[in-house]
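Here the structure comes first, spelled out in structure tokens, and everything after it is commentary.
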Amino acid sequence: QVQLVESGGGSVQAGGSLRLSCAGAGYIASGNYMGWFRQAPGKEREGVAAMYAGDGRTYYDDSVKGRFTISQDNAKKTTYLQMNSLKPEDTAMYYCAAGPYWLAVAGPLRLSSYNYWGQGTQVTVSS
């Protein structure tokens, strides 16, 4: 059974950094996509970063490109999201997700590409 558990959220001032972790024992393997999504109050959940575990290709939404970095530690079966230069508009609940490659027809930053989700971790950025 797949379980994804996020951690690392918190409150920071604008310009600060946080690193989110997603432990996904048994699922982070070649052939899968790992993604990070966020959902702000009153807004739809959106994809911010993704990685194809097969070859390490990464994908980013334009809003976070150059500031966020997704990475993976296969030995620890953990995916990370390093977030730098945080802005108040980055405030949201952040979720990690996992899905097989064959589900990612619409692209790795789309909700439909994932069938396993974590419970979320809150990130709050103050100005």
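All heavy atoms count here, side chains included; hydrogens, waters and symmetry mates do not. The first residue in the sequence is number 1, and the count goes up from there. Source: prediction; values computed, not measured.
Transitive grouping of hydrophobic side chains (ILVMFWY, heavy atoms separated by less than 4.5 Å) keeps W36 and Y101 in distinct clusters. Hydrophobic clustering, with ILVMFWY side chains joined whenever heavy atoms are under 4.5 angstrom apart, keeps M83 apart from Y80. Linking Ile, Leu, Val, Met, Phe, Trp and Tyr whenever their side-chain heavy atoms come within less than 4.5 Å puts Y59 and L103 in one cluster. By the rule that hydrophobic residues join a cluster once side-chain heavy atoms approach within less than 4.5 Å of another member, Y116 and V105 end up as members of separate clusters. Both Y60 and V48 sit in one connected hydrophobic cluster of ILVMFWY residues. Membership requires side-chain heavy atoms under 4.5 Å apart, directly or through other members.
By the 30° and 60° cut-offs, the orientation of the rings of Y33 relative to Y52 is tilted.
The closest donor-acceptor contact from the side chain of T69 to the backbone of Q82 lies at 3.5 Å or more, if one exists at all. Under a 3.5 Å cut-off, the side chain of S113 and the backbone N or O of L111 do not form any donor-acceptor pair. T121 places no side-chain N or O within 3.5 Å of a backbone atom of E6 that could act as its donor or acceptor partner. D73 places a side-chain N or O within donor-acceptor distance of the main-chain N or O of K76, the cut-off being under 3.5 Å. A donor-acceptor contact shorter than 3.5 Å links the side chain of Y114 to the backbone of P108.
A centroid separation of 6.0 Å or more is found between the aromatic rings of F37 and Y95.
In this structure the side chain of T91 never reaches within 4.5 angstrom of the side chain of L86, judged on heavy atoms. Counting only heavy atoms from C-beta outward, the side chains of P88 and S127 approach each other to under 4.5 Å. Residues L81 and S21 form no side-chain contact, since every pair of their non-hydrogen atoms from C-beta on lies 4.5 Å or further apart.
Sequence neighbours left out, the pairs with a member in residues 40-49 that pass side chain to side chain donor-acceptor pair (under 3.5 Å) are R38-E46, Q39-R45.
We find the OG1-CD distance between T58 and Q72 to be 11.5 Å, quoted to the nearest 0.5 Å. Note that the OG atom of S7 and the CZ atom of R19 stand 9.0 Å from one another [nearest 0.5 Å].
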Show which side-chain atoms of residues 11-18 pair as donor or acceptor with protein atoms under 3.5 Å away, not counting sequence neighbours.
unit_1	atom_1	unit_2	atom_2	d
S17	OG	N84	OD1	2.9

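When every heavy atom of N32 is checked against every heavy atom of P100, the shortest pair comes out as OD1-CA, 3.8 Å.
Every side-chain contact (heavy atoms from CB on, under 4.5 Å) that R67 has, sequence neighbours left out, goes to V64, S85, K87, D90.
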### Worked verdict on L4 versus M34 for side-chain contact (heavy atoms from CB on, under 4.5 Å)
CA-CA 10 Å; L4 301 176; M34 297 298 299; 4.3 Å; yes
